[in-house]
Engineer: 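This is the structure, below, for whatever I ask next.
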Amino acid sequence: MKPKKQNADFLHVGEKLLAWYEISGRDLPFRKTKDPYKIWICEIIFQQTRIEQGLNHYKNFIKRFPDLETLANADTDEVLLYWKGLGYYSRALNLHKAAKQIIEDFNGKFPENYDDILKLKGVGKYTAAAISSICFNEKIPAVDGNFYRVLSRVFADDFDISNSKAFNYFSELALMMMPKNEAGHFNEAMMDLGSEICKPKNPKCEICPLNKNCIAFNTGNIQNFPVKSKKVKPTDLELTYYFVEFKDRFLIRQRNDGFIWKKLYEFPTEIPDEFENYITHQKTVNHKLTHKNLTIHFYKVSLNSKKGFEEFAVKNGFRISSQDDAALKSFPKSLENYLAENV
DNA sequence: AACGCGGGGTA
DNA sequence: TACCCAGCGTT
């Protein structure tokens, strides 16, 4: 499924993009390094995450885990703590697994080619391309949402980006544009253009370095690209949590790695019948996530028996927590908000 | 090939 | 409200 564009001057467009990047590219902390560890961390953090949202997480993460060994030797809990608020928590778990994987399978040295990098947990084709092009100058386009948007507009290409073949299709297109020996900068340039100029809404076509080449722009057609047929539709999820307290102590536990909020902390989801009499408040909160419309029923249970409180905790594997418990920082936002109002 | 997975920003 | 974001793993 190769792109059929015989006459376009691909390389010329690629060089214009690169020239723009040299002058107008963003000044980001991870642009100053070719340390594959740091590039890897940044690529994982910025999967499905905008730069403004994840930049402080990146800085804090590198400060706490400055190298591979530090990360591999850290506790999973602490890795998750530094991931707080980023979402898609599998990324943090896979990141930690991959650090151990590099220690074991690659003798502690970060793999230096696309195929080996692709073997790492949580690293797919995009991320392997980004790391290998930026750090090791491999000529592989790092096709992400920015590539889809920019390329589909420049060539007014209606190839459906929901199609699972879109990655290969736009990779072929990008490869034809990529200037020799500049794969890393080309990939970064495409990301910056997509983020700063060729935005999903209200793109700044009048100052775009590619506007003379952009077919969608020159035919007044920008709003029709990219073509995306499949939409994400959230499902409803109803949860019940009990905030079980005795004086200033309350109960939390770590989740399993199940369907949502993997390994983060939560409150009890059920209580014994005799606790029902100690429910003092009830509140229902609605919260929209990308994939879930959450309805959370919170019940506040204020016990007056230390013995009953502790027995319930021990028997059901809960942790007796207080406000200064570091684990609280690893709560999902939706639960943390409740906590802030009630403790 | 289709689906599940967070949280936050923008219009 | 709908859509999007430096995607990946599972089934």
Side-chain angles (χ1 to χ4, degrees), chain A residues 25-26 28-31 38-58 80 83-95 97-98 117-131 133-134 141-150 160-168 170-171 174 184 186-196 198-203 223 225-237 255 257-264 286-294 330-337:
Chain A
R26 290 177 291 184
L28 299 168
F30 39 87
R31 288 281 166 77
K38 292 199 177 85
I39 298 299
W40 170 51
I41 301 298
C42 104
E43 291 302 339
I44 302 296
I45 286 180
F46 293 112
Q47 286 169 5
Q48 299 292 289
T49 304
R50 289 183 323 285
I51 297 296
E52 314 85 72
Q53 185 183 352
L55 198 50
N56 281 331
H57 285 85
Y58 171 77
L80 276 170
W83 210 262
K84 179 196 174 191
L86 280 176
Y88 287 166
Y89 300 97
S90 294
R91 292 185 293 172
L93 300 175
N94 284 333
L95 197 65
K97 284 180 197 163
I117 295 170
L118 191 56
K119 294 174 184 167
L120 301 177
K121 280 280 185 188
V123 173
K125 287 187 289 184
Y126 161 77
T127 304
I131 298 173
S133 66
I134 292 170
V143 175
D144 67 344
N146 293 303
F147 274 67
Y148 290 149
R149 197 166 54 255
V150 173
D160 184 356
I161 67 170
S162 306
N163 188 318
S164 58
K165 294 186 173 73
F167 185 90
N168 288 334
F170 285 103
S171 291
F186 176 82
N187 286 334
E188 292 173 315
M190 195 71 90
M191 298 176 205
D192 278 12
L193 190 79
S195 164
E196 304 289 296
C198 196
K199 301 183 296 178
K201 304 290 180 188
N202 299 339
Q223 72 284 359
F225 300 96
V227 172
K228 186 178 185 178
S229 65
K230 293 174 189 159
K231 320 288 182 190
V232 178
K233 48 182 172 190
T235 56
D236 294 332
L237 177 63
R255 295 178 54 78
D257 58 0
F259 61 100
I260 193 174
W261 299 328
K262 301 181 202 309
K263 294 290 183 184
L264 269 60
N286 293 307
H287 196 83
K288 282 186 183 299
L289 304 177
T290 303
H291 313 276
K292 292 273 189 288
N293 291 326
L294 295 179
S330 183
F331 257 53
K333 289 282 185 179
S334 317
L335 303 187
E336 189 182 64
N337 292 341

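The sequence lines fix the lettering, A, B, ..., with proteins before strands; numbering per chain opens at 1.
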Engineer: Indicate, with a heavy-atom threshold strictly under 4.0 Å, whether A/V123 touches base, sugar-phosphate, or nothing.
Structural biologist: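 Counting heavy atoms under 4.0 Å across all strands, the contact made by A/V123 is with sugar-phosphate only.
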Engineer: If we take the P atom in both C/dG9 and B/dG8, what is their distance in whole Å?
Structural biologist: 24 Å
Engineer: From B/dG9, B/dA11, C/dG7, pick the nucleotide closest to the side chain of A/Y88?
Structural biologist: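 Nearest nucleotide to the side chain: C/dG7.
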Engineer: Between B/dG8, B/dA11, C/dG7, which one does the side chain of A/R50 approach most closely?
Structural biologist: B/dG8
Engineer: Need one value for A/I260: base, sugar-phosphate or nothing, where a base atom within 4.0 Å counts as base even if backbone is also close, heavy atoms only.
Structural biologist: sugar-phosphate
Engineer: Rounded to the Å, how far apart are A/H291 NE2 and B/dC5 C1'?
Structural biologist: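 Atom NE2 in A/H291 sits about 4 Å away from atom C1' in B/dC5.
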Engineer: So which nucleotide from B/dG6, B/dA1, C/dG9 ends up closest to the side chain of A/N94?
Structural biologist: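 The listed nucleotide nearest to A/N94's side chain is C/dG9.
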Engineer: Please give the distance between the P atoms of B/dG9 and C/dC8 as a whole number of Å.
Structural biologist: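 My reading of the P atoms in B/dG9 and C/dC8 gives 24 Å.
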Engineer: Which part of the nucleic acid, if any, lies within contact of A/R26, taking any heavy atom under 4.0 Å across all strands shown: a base, the sugar-phosphate backbone alone, or nothing?
Structural biologist: base
Engineer: Base, sugar-phosphate, or nothing: which does A/F30 touch, judged by heavy atoms less than 4.0 Å apart?
Structural biologist: base
Engineer: Among C/dA6, C/dC4, C/dG7, which nucleotide sits nearest the side chain of A/K228?
Structural biologist: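 Nearest to the side-chain atoms of A/K228, counting from C-beta on, is C/dC4.
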Engineer: Applying a 4.0 Å non-hydrogen cut-off, can you work out what A/T127 is touching in the nucleic acid: base, sugar-phosphate, or nothing?
Structural biologist: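 The answer is sugar-phosphate, as A/T127 gets under 4.0 Å only of primed atoms, P, OP1 or OP2.
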Engineer: Looking at every strand, decide which applies to A/K288 at a 4.0 Å heavy-atom threshold: base, sugar-phosphate, or nothing.
Structural biologist: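 A/K288: backbone/sugar contact only, no base atoms under 4.0 Å.
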Engineer: Where the side chain of A/K231 is concerned, which of B/dA1, B/dC5, C/dC3 is the nearest nucleotide?
Structural biologist: C/dC3
Engineer: What interatomic distance, in whole Å, is found between C1' of C/dT10 and the corresponding atom of B/dG7?
Structural biologist: 22 Å
Engineer: Which nucleotide in the set B/dC5, C/dG7, C/dC4 lies at the smallest distance from any side-chain heavy atom of A/D144?
Structural biologist: C/dG7
Engineer: Expressed as a whole number of angstroms, how long is the span from A/L264:CG to B/dG7:C1'?
Structural biologist: 12 Å
Engineer: Using a heavy-atom cut-off of under 4.0 Å over every strand shown, decide if A/K121 touches base, sugar-phosphate, or nothing.
Structural biologist: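 Sugar-phosphate contact only - A/K121 comes under 4.0 Å of backbone atoms but never of a base.
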Engineer: Measure from the side chain of A/P200, starting at C-beta and using heavy atoms only, and say which of C/dA6, B/dA11, C/dC5 lies closest.
Structural biologist: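 The answer is C/dC5, which lies nearest to the side chain.
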Engineer: Between C/dA6, B/dG4, B/dG6, which one does the side chain of A/L289 approach most closely?
Structural biologist: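 Nearest listed nucleotide: B/dG6.
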Engineer: If the C1' atom of B/dA11 is compared with that of C/dA6, how far apart are they to the nearest Å?
Structural biologist: 23 Å
Engineer: Please pick, from C/dA6, B/dG6, C/dG7, the nucleotide with the shortest atom-to-atom distance to any side-chain atom of A/Q47.
Structural biologist: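 When the side chain of A/Q47 is considered, C/dG7 is the closest of C/dA6, B/dG6, C/dG7.
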Engineer: Base, sugar-phosphate alone, or nothing: which one does A/S164 contact when heavy atoms must sit under 4.0 Å apart?
Structural biologist: sugar-phosphate
